[in-house]
Amino acid sequence: MRTDDFLEVMHELVAFVRVVESGSFSAAARRHGQTPSAVSRQVARLEQAMGVCLLQRTTRQLRLTEAGLEVLERGREMVAAAQASLQVAEGHVGTPKGLVRISAPKAFSRHVLQPALLDFLQRFPEVDVHMLVVDRSVDPLREGVDLVIRLTDDPPQGMVARALMPVRQLVLASPTYLSSHPPVSAPEDLMAHSCLAIGEQERDSRWRFVRGDDEVEVAVAGRYTVNHSEMRLAAVEAGLGVGCVPDFVAEDALKAGRVVRLLPEWAFDTNYQGLAHLLYSASRYTAPKVRALIDHLVATLSRPGSRRGEPG
């Protein structure tokens, strides 16, 4: 393509971005009052002009090619820049409005993110939020998500990562269970107890503890294995054994005395904890609607007195 040829395919590039964000040609067509065939032809013209395949089409889904990922990233920047320019012309810079898509793990969404989002929606009546609640890793470019919350101590390269709050897994038991079972004063004591593990990986039945320079790993076993934190907490409260539960899920039960934290002087070392990060694509053009939600979540979840995983 010649340098100025992009002027001839700008509409096609916008159509391509909208197709990926919407997830299908039909959804993109409905969004812009066109027919699916018209949108499909626009994307086909863009591919022909560029000489590369951008989308692999199947009967069930669209999949971006490697070239498609790069074009999507640049196309989104172009669309964001154009929107920012229009906002300048219209005098609406700094006025958040429109749809923001955000993804986060299930338990974190339910216990931590939901109150913050409800408050945000009250504060910004012209902004809509599409919440994707999943425990799998979400690719924001492929899935058209503006913001992703991920528990990790190693944020991915190429994205902006804003730290929100630490998340820890706590080892808990109910007072009823402890009254009829041997005391737990050291990690090794857990081998004599029924322990409720997560069960997603083979190592989930080996619990590792750290205290200063001391490290202890014990093999645990129990009658109930479940990879849902609220269900695991309910089983602990029912007296079925000792379980590991995220601190923000266990907070109310701890305060009410329905469960007791075991081995508080030991750090429970597991892959299911870390620092909750807010991730988004690096760009000079961040729409006011997205910037408003970023600032709200950072201020709400990182400020002193917010839920920071310190239930005691």
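The first residue of the sequence shown is numbered 1, and numbering continues consecutively from there. Any value given below was found using the heavy atoms of this structure, including those in side chains, with hydrogens, waters and symmetry copies removed.
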Exercise for review: Would you please test Val259 and Leu170 for side-chain contact (heavy atoms from CB on, under 4.5 Å) and show each step?
Suggested key: CA-CA 11 Å; Val259 297; Leu170 306 181; over 6 Å; no
Point to revise | salt_bridge(Glu12, Arg45) N-O dist < 4.0 Å | key: yes
Practice item. Spell out, yes or no, whether Leu121 and Val112 are grouped together once hydrophobic residues are joined by side-chain heavy atoms under 4.5 Å, including indirect joins. Key: yes
Point to revise | Test item: Gln273 side-chain N/O and Gln169 main-chain N/O as donor-acceptor pair under 3.5 Å | key: yes
**Study point:** Least distance between heavy atoms, Val260 atom then Pro175 atom
**Key:** CG2-CG, 4.0 Å
Review point. Of the non-hydrogen atoms in Arg150 and Val138, which two are nearest, and what is the gap between them?
Key: NH2-O, 3.0 Å
Check your understanding: Rounded to the nearest 0.5 Å, what separation is found between the CG atom of Leu69 and the CG atom of Leu64?
Key -> 5.0 Å
Point to revise | salt bridge (Lys or Arg N to Asp or Glu O under 4.0 Å) partner of Glu143, the single match among Arg101, Arg63, Arg136 | key: Arg136
Check your understanding: Taking NZ, NE, NH1 and NH2 as the nitrogens, is one of them in Glu251 or Lys255 under 4.0 Å from a carboxylate oxygen of the other?
Key -> yes
Review point. Step by step, would you call Ser26 with Ser24 a side chain to side chain donor-acceptor pair (under 3.5 Å)?
Key: CA-CA 5 Å; Ser26 298; Ser24 70; 4.9 Å; no
Exercise for review: Quick one: closest heavy-atom pair of Ala107 and Val249, and the distance?
Suggested key: CB-CG2, 4.1 Å
Exercise for review: Using side chain to side chain contact (heavy atoms under 4.5 Å, CB included) as the criterion, point out the one residue from Ile102, Leu132, Leu117, Val133 that pairs with Ser109.
Suggested key: Val133
Review point. Quick one: do Leu254 and Met231 end up in the same hydrophobic cluster if we chain Ile, Leu, Val, Met, Phe, Trp and Tyr together by side-chain heavy atoms under 4.5 Å apart?
Key: yes
Exercise for review: Return yes when atom CZ of Arg258 has more than 12 non-hydrogen atoms of other residues, nucleotides or ligands closer than 6.0 Å, and no otherwise.
Suggested key: yes
**Study point:** Worked check of salt bridge (Lys or Arg N to Asp or Glu O under 4.0 Å) between Arg232 and Glu237
**Key:** CA-CA 9 Å; Arg232 216 161 43 251; Glu237 292 187 41; over 6 Å; no
Point to revise | Rounded distance [0.5 Å steps], CG in Asp269 versus CZ in Arg211 | key: 15.0 Å
Revision key, fill the gap. Of all heavy-atom pairs linking Ser302 and Ala163, the shortest is OG-O, 3.3 Å
Review point. Does any non-hydrogen side-chain atom of Ser103 lie less than 4.5 Å from one of Val134?
Key: yes
Exercise for review: Please tell me if the side chains of Leu196 and Val226 come closer than 4.5 Å, counting only heavy atoms from C-beta onward.
Suggested key: no
Review point. Are Leu297 and Phe120 close enough that some pair of their side-chain heavy atoms sits under 4.5 Å apart?
Key: no
Review point. Do Val52 and Thr65 come within less than 4.5 Å of each other through their side chains, counting heavy atoms only?
Key: no
Point to revise | Shared hydrophobic cluster for Val218 and Tyr177 (ILVMFWY, side-chain gaps under 4.5 Å) | key: yes
Review point. When rounded to the nearest 0.5 angstrom, what distance separates CG in Leu72 from CD in Glu77?
Key: 10.0 Å
Check your understanding: Do Trp266 and Asp214 come close enough that some side-chain heavy atom pair is under 4.5 Å?
Key -> yes
Exercise for review: Starting at CE of Met10, measure out to CG of Leu46 and round the result to the nearest 0.5 Å.
Suggested key: 12.0 Å
Review point. How many angstroms lie between atom CG of Asp146 and atom CZ of Arg76, to the nearest 0.5 angstrom?
Key: 6.5 Å
Practice item. Evaluate side-chain contact (heavy atoms from CB on, under 4.5 Å) for Met50 paired with Phe16, printing each intermediate quantity in order. Key: CA-CA 13 Å; Met50 298 187 67; Phe16 168 70; over 6 Å; no
Practice item. Count the heavy atoms belonging to other residues, nucleotides or ligands that lie under 6.0 Å from CD of Glu188, then report whether that count exceeds 12. Key: yes
Exercise for review: Could you label the plane-to-plane angle of the His181 and His193 rings as parallel, tilted or perpendicular, counting under 30° as parallel and over 60° as perpendicular?
Suggested key: tilted
Check your understanding: Of the non-hydrogen atoms in Leu301 and Met165, which two are nearest, and what is the gap between them?
Key -> O-CB, 3.8 Å
Exercise for review: Would you mind reporting whether Leu279 and Ile149 have side-chain heavy atoms less than 4.5 Å apart?
Suggested key: no
Check your understanding: So, do Val242 and Val220 sit near enough that their side-chain heavy atoms are less than 4.5 Å apart?
Key -> no
Check your understanding: For Gln122, does the CD atom have more than 12 heavy-atom neighbours from other residues, nucleotides or ligands under 6.0 Å away?
Key -> no
Exercise for review: Answer with yes or no whether the hydrophobic clustering places Leu151 together with Leu147; edges join I, L, V, M, F, W, Y residues whose side-chain heavy atoms lie under 4.5 Å apart.
Suggested key: yes
Review point. Under a single-linkage definition using a 4.5 Å side-chain heavy-atom cutoff for Ile, Leu, Val, Met, Phe, Trp and Tyr, are Val245 and Leu263 assigned to the same hydrophobic cluster?
Key: no
Practice item. Go through the steps for Asp189 and Ser185 under the test side-chain contact (heavy atoms from CB on, under 4.5 Å), then give the verdict. Key: CA-CA 7 Å; Asp189 295 336; Ser185 57; 3.1 Å; yes
Review point. Taking side chain as C-beta onward, heavy atoms only, is Arg123 less than 4.5 Å from His296?
Key: yes
Study note, to complete from the structure: To the nearest 0.5 Å, atom CG of Asp204 lies from atom OG1 of Thr270 at 6.5 Å
Check your understanding: How close do Gly199 and Thr225 get, heavy atom to heavy atom, and via which atoms?
Key -> CA-CG2, 3.4 Å
Review point. Once the angle between the rings of Phe248 and His111 is folded into 0 to 90°, is it parallel (under 30°), tilted (30 to 60°) or perpendicular (over 60°)?
Key: tilted
Exercise for review: With side-chain contact (heavy atoms from CB on, under 4.5 Å) as the test, would you mind laying out the steps for Phe25 and Leu55 before giving the verdict?
Suggested key: CA-CA 11 Å; Phe25 289 101; Leu55 289 170; 4.2 Å; yes
